[in-house]
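To start, the structure under review is shown below, and the notes come after it.
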There are 2 protein chains.
Amino acid sequence: MRSSTKKVSRRVGRPRAYDPDAAVGRMTEVFREVGFARASLDEIAQATGMNRPSLYAAFGDKKAMYFRAIDHFSAEMRARVERALADDDLGRSLAGFFAAALELYRAGGDTPPSCLVLCTAPAEAADDADIRARLGQTLAEIDGVFVGRLQRARAAGTLRPDADPEQLGLLLAATLHSVALRARAGQPQAQIDALVAGAVALVLGPRA
Amino acid sequence: MRSSTKKVSRRVGRPRAYDPDAAVGRMTEVFREVGFARASLDEIAQATGMNRPSLYAAFGDKKAMYFRAIDHFSAEMRARVERALADDDLGRSLAGFFAAALELYRAGGDTPPSCLVLCTAPAEAADDADIRARLGQTLAEIDGVFVGRLQRARAAGTLRPDADPEQLGLLLAATLHSVALRARAGQPQAQIDALVAGAVALVLGPRA
DNA sequence: CTTTTTTTGTACTGCTTCGCATAAAATTCT
DNA sequence: AGAATTTTATGCGAAGCAGTACAAAAAAAG
């Protein structure tokens with residue numbers, strides 16, 4: 001399909017006036033700010049610079065757009081915490097994880113939009129089985145990340161001997177859920193940092 | 001105003017066809033199930049058996065109804081956990097608190113509607129300063145309840161000496177936030193119970 | 001240049017929504 | 001019995017909504 005000429009080979013037809021990745025990013029910000037029910041197609045069209053028929057052609061219906069935004073946000077979250085998770089120092093790893101998450105939660109507005117999934121999906125979840133399942137997957141993924149990180153620390157001998165990776169992993173996940181809600185409510189950074197510091201300290205245990 | 005006759009004295013005018021308390025309860029269930037943006041006045045009218053002008057006359061506009069529902073739900077929550085909080089045994093007190101909260105979160109539907117505030121207010125919070133403030137108040141109240149309970153345990157000498165009431169109180173609050181989201185996502189009871197048991201065990205510390 | 005294909009741009013459709021207007025109904029008071 | 005008051009019942013108005021129809025525009029291919 002791609003030719004060797006200096007111009008990129010194109011299929012016939014009028015060229016697109018939008019960049020799909022940029023459009024998804026902007027759509028994500030709308031959903032993150034106002035949630036699924038409140039977000040209108042006009043609003044998304046305006047944010048992306050696309051007309052509504054183009055939105056439907058590119059992404060499907062409104063719910064498909066919402067799921068696309070969730071995928072985008074989740075990938076962004078994974079990318080941001082990846083480096084922290086790879087840190088061998090457990091305390092630094094966990095603190096880095098939460099710092100990276102908070103950075104993402106605070107990016108994008110005067111009031112922190114926080115987490116797209118944890119702050120907007122629950123409102124839809126009781127009534128929409130698809131969204132409820134997607135929320136469940138995100139919760140399970142977060143559990144898995146923390147429990148997995150602590151099990152790695154156990155295998156490397158860097159987790160204190162009396163600590164249970166499952167128990168502490170769930171508590172770290174709960175901490176992230178709480179951080180998301182607090183950020184959305186506009187709690188001051190220092191207050192959220194205190195919660196995070198307390199949770200990490202508990203995992204590490206008393207200083208030897 | 002109340003006469004001594006066997007009939008209750010009434011002001012002039014057609015009698016109300018609804019019971020305000022029952023109506024608030026039903027309105028609360030609608031908002032809890034579908035959230036603020038998704039709840040329509042028709043739906044609330046149907047659930048309460050009232051016509052829309054009666055709704056407006058009795059409760060004000062849609063947002064005032066939502067806040068009324070939040071007040072109602074919060075009062076219900078306080079009533080349900082009151083007894084557990086008064087228990088002098090700290091472990092039993094905390095376990096009882098979460099059991100009572102979960103009972104309320106699971107009451108009312110096939111899929112657990114969970115917490116009205118923690119599951120529906122965040123979706124509106126970034127865009128509506130009033131709802132954001134109300135969410136912040138609820139988060140602060142939950143913090144205060146747990147920190148206060150642990151400070152009481154400290155004063156009574158029933159909290160282990162190396163425990164910090166503030167730190168652990170925030171973690172218990174985070175646990176409640178997490179419980180609400182998990183219940184809303186339909187997580188199995190056993191999974192949520194594991195999180196709660198782990199948090200309570202951490203607060204109590206190792207068994208002597 | 002014409003044909004084909006894809007995308008854009010505008011308008012439309014068939015609802016739904018919130019809040020209000022107003023007449024009728026139901027009560028008490030005189 | 002009539003007047004005053006409160007509530008109910010029905011319908012309205014203006015705006016908004018998600019999804020679609022279709023003509024025009026913009027490109028490649030022959």
In this structure, how many angstroms lie between the [atom2] atom of [N] and the [atom1] atom of [X], rounded?
| X | N | atom1 | atom2 | result |
| --- | --- | --- | --- | --- |
| B/K63 | C/dG19 | NZ | P | 11 Å |
| B/L41 | D/dA15 | CG | P | 18 Å |
| B/R38 | C/dT16 | CZ | P | 14 Å |
| A/M65 | D/dA18 | CE | C1' | 9 Å |
| A/Y56 | C/dA11 | OH | P | 18 Å |
| A/D19 | C/dT7 | CG | P | 14 Å |
| B/L55 | C/dC18 | CG | C1' | 12 Å |
| B/E43 | C/dT16 | CD | C1' | 12 Å |

*Below 4.0 Å: OP1/OP2 of C/dT8 and any side-chain N or O of A/R14*: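 The answer is no; no side-chain N or O of A/R14 sits under 4.0 Å from OP1 or OP2.
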*asked:* Is a donor from one side chain sitting under 3.5 angstrom from an acceptor on the other, for A/S74 and A/R78?
replied: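 Side-chain D/A pair, A/S74 to A/R78: absent.
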Are [X] and [Y] within salt-bridge range, i.e. N to O under 4.0 Å?
| X | Y | result |
| --- | --- | --- |
| B/D127 | A/R38 | no |
| B/R134 | B/D71 | yes |
| A/R32 | A/E29 | yes |

_Sub-4.0 Å heavy-atom contacts from residues 45-54 of chain B onto DNA chain C, ordered by number_ =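 Listed by number, they are B/R52, B/P53.
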*Which heavy atom of B/A23 sits nearest a heavy atom of B/T48, and at what distance?*
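So the minimum-distance heavy-atom pair works out to O-CG2, 3.3 Å.
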*Test side-chain contact (heavy atoms from CB on, under 4.5 Å) on B/Y105 and B/C119 and set out the steps.*
CA-CA 11 Å; B/Y105 289 171; B/C119 294; over 6 Å; no
*For the rings on A/F59 and A/F31, is their centre-to-centre separation under 6.0 Å?*
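When the ring centroids of A/F59 and A/F31 are compared, they turn out to be at least 6.0 Å apart.
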*May I ask you to check if A/K62 and A/F36 form a cation-pi contact, with NZ or CZ under 6.0 angstrom from the six-membered ring centre and within 45° of the axis?*
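A/K62 over A/F36 ring: yes.
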*Supply the atom-to-atom distance A/L150 CG to A/E166 CD, rounded to the nearest 0.5 angstrom.*
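Reported to 0.5 Å precision, the distance equals 10.0 Å.
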*Toss me the dot-bracket line for DNA chain C: Watson-Crick and G-U wobble, both under 3.5 Å, 5' to 3', using | for pairs to another strand and [ ] for crossers.*
||||||||||||||||||||||||||||||
*asked:* Counting the atoms with a prime plus P, OP1 and OP2 as sugar-phosphate, which does B/A39 contact under 4.0 Å by heavy atoms, base, sugar-phosphate, or nothing?
replied: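 Contact class for B/A39: sugar-phosphate only.
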*Using a heavy-atom cut-off of under 4.0 Å over every strand shown, decide if B/A58 touches base, sugar-phosphate, or nothing.*
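No contact at all - B/A58 keeps every heavy atom at 4.0 Å or more from the nucleic acid.
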